[in-house]
Amino acid sequence: MRISQLSAVSGVPIPTIKYYLREGLLPAGEQTSATRAEYGERHVRRLRLIRALLEVGRLRIAAIRKVLAAVDDETLSMHLVLGTAHYALAPAVEPHPDDEAWREARSEADRLIAELGWRIDAQAPTRDELAQVILTLSRLGMPATGEALRPYAEAAMELVMEHEIGTISLDRTREEAVETLVIGTVVHGRALDVLRRLAQESTSAQLFGISGT
């Protein structure tokens, strides 16, 4: 298909496609003449992934380039490809190893992960992210132990296994797998947050009554 057809099929404007080509995010089409190139299904899949990373994941171009490089590196396992995308989605958290409270929070995070039997890389940024959550809870006077967070961890694993990564077919392309991960992480994460708040309102009404009734 020509670039105009690629734009129509993908929903991505031609100037944006040309920008992705210049940035090396989208592989070049097959040159059929000095001014014309042909594009195929792999370009459609790549554009879908780029849009997911950009519009859903809110990643910067540099981070997108890194994820796409992992997708294209056939020497990397699917686990490492998905991990590259996962870590790119994680918010930046600055560790404070000189702060005793931080060290305690990080130790509690590592202890919970170990007790759950989860296989998490020692350098995973999500370890620091969990430590930051624990530290914040502690400073606010809320339960901040691994035991207090265990119900959330177990619910998260069930959701991931039954509705997210556990549903990614081994027959899918690497682009499709990463796209599914991004959508599952970001969009389903938002859905979970909204549903929790709805559940909180409903439970509050049941337990404490609705004003005026």
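Each residue takes its place number in the sequence, starting with 1.
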Nearest-0.5 Å distance that lies between atom CE in Met142 and atom OG in Ser138
11.5 Å
Any salt bridge between Arg103 and Asp99, counting N to O under 4.0 Å?
no
To the nearest 0.5 angstrom, please state how far the OG1 atom of Thr126 sits from the CG atom of Asp121.
8.5 Å
Would you find a donor on one side and an acceptor on the other, under 3.5 Å apart, between the side chain of Thr136 and the backbone of Gln132?
yes
Answer whether the closest heavy-atom distance between the side chains of Leu149 and Leu130 falls below 4.5 Å.
yes
Would you say Ser204's side chain and Gln200's backbone share a donor-acceptor pair under 3.5 angstrom?
no
Side-chain contact test, heavy atoms from C-beta onward, threshold under 4.5 Å: evaluate it for Leu140 versus Leu137 and give yes or no.
no
Determine whether Val187 and Leu192 fall in the same hydrophobic cluster, where Ile, Leu, Val, Met, Phe, Trp and Tyr are linked whenever their side-chain heavy atoms lie under 4.5 Å apart.
no
Does Asp128 reach the side chain of Trp102, with side-chain heavy atoms less than 4.5 Å apart?
yes
Is it the case that one hydrophobic cluster holds both Leu112 and Leu159, taking links as side-chain heavy atoms less than 4.5 Å apart, direct or via other members?
no
Heavy atoms only: give me the nearest Leu89-Gly57 pair and the separation to one decimal.
CD2-CA, 3.7 Å
So CG of Leu6 and CD1 of Ile14: to nearest 0.5 Å the spacing works out to 9.0 Å
Quick check: closest heavy atoms across Glu108 and Gly146, and the distance to 0.1 Å?
OE2-N, 2.7 Å
Distance-only donor-acceptor check, side chains Ser10 and Arg48, under 3.5 Å:
no
Count the heavy atoms of every other residue, nucleotide or ligand shown that sit under 6.0 Å from CD of Glu41, and state whether that count exceeds 12.
yes
Less than 4.0 angstrom from a charged side-chain N to a carboxylate O is my criterion; do Asp73 and Arg174 meet it?
no
So, does Glu158 use its side chain to make a donor-acceptor pair with the main chain of Ala155 at under 3.5 Å?
no
Is the side chain of His43 donor-acceptor paired with the backbone N or O of Leu26 at a distance under 3.5 Å, no angle test?
no
Quick one: does any side-chain atom of Glu23 pair with a main-chain N or O of Leu25 as donor and acceptor, under 3.5 Å?
no
Backbone N or O of Glu94 within a donor-acceptor pair of the His96 side chain at under 3.5 Å?
yes
Side chains of Met157 and Leu116: closer than 4.5 Å at any heavy-atom pair?
no
Quick one: CE on Met1 to CD on Glu38, what's the gap to the nearest 0.5 Å?
8.5 Å
When rounded to the nearest 0.5 angstrom, what distance separates CD in Glu115 from CG in Asp110?
11.0 Å
Would a hydrophobic clustering, with Ile, Leu, Val, Met, Phe, Trp and Tyr connected at side-chain separations under 4.5 Å, put Tyr20 with Val44?
yes
Atom pair OG/CZ of Ser202 and Arg197 - distance to nearest 0.5 Å:
14.5 Å
Closest heavy-atom pair, Gln31 versus Ala37, reported as atoms and distance to 0.1 Å, is OE1-CB, 4.0 Å
Joint cluster assignment, Val12 & Ile183, ILVMFWY side-chain distance < 4.5 Å
yes
Salt bridge check, Glu175 against Arg46: does any charged N sit closer than 4.0 Å to a carboxylate O?
yes
Provide the closest heavy-atom pair for Ala105 versus Ile134 in the form atom of the first, atom of the second, distance.
O-CD1, 3.9 Å
Is any side-chain heavy atom of Leu21 less than 4.5 Å from a side-chain heavy atom of Tyr39?
yes
Residue from His86, His79, Met78 passing side-chain contact (heavy atoms from CB on, under 4.5 Å) with Leu82:
Met78
Any sub-3.5 Å donor-acceptor pair from Thr167's side-chain atoms to Glu164's backbone N or O?
yes
Quick check on Gln123: does its CD atom have over 12 non-hydrogen neighbours (other residues, nucleotides or ligands) under 6.0 Å away?
no
Can you give me the closest heavy-atom contact between Leu76 and Leu80, atom names plus distance?
CD2-CD1, 4.0 Å
Taking the side chain as everything from C-beta on, heavy atoms only, tell me whether Val93 gets closer than 4.5 Å to Pro125.
no
Answer yes or no: is there a side-chain heavy-atom contact under 4.5 Å between Ile50 and Leu68?
yes
Closer than 3.5 angstrom, by distance alone: can the side chain of Arg60 be matched with the main-chain N or O of Leu54 as a donor-acceptor pair?
no
Does Glu201, at its CD atom, have more than 12 non-hydrogen atoms belonging to other residues, nucleotides or ligands within less than 6.0 Å?
no
CA sep, side-chain torsions, deciding dist, call: Arg36, Arg2, side chain to side chain contact (heavy atoms under 4.5 Å, CB included):
CA-CA 8 Å; Arg36 179 179 297 182; Arg2 299 176 61 181; 3.5 Å; yes
Out of curiosity, does Val71 fall in the hydrophobic cluster containing Ile61 (side-chain heavy atoms, cut-off under 4.5 Å, transitive links)?
yes
Charged N to carboxylate O below 4.0 Å: is that the case for Arg45 and Glu176?
no
Using side-chain heavy atoms (C-beta onward) and a distance below 4.5 Å, is Val178 in contact with Val67?
yes
Can we say Arg150 and Glu154 salt-bridge, meaning some charged N sits less than 4.0 Å from an Asp/Glu carboxylate O?
yes
Atom of Tyr87, atom of Ala124 and distance for their closest heavy-atom approach
OH-CB, 3.3 Å
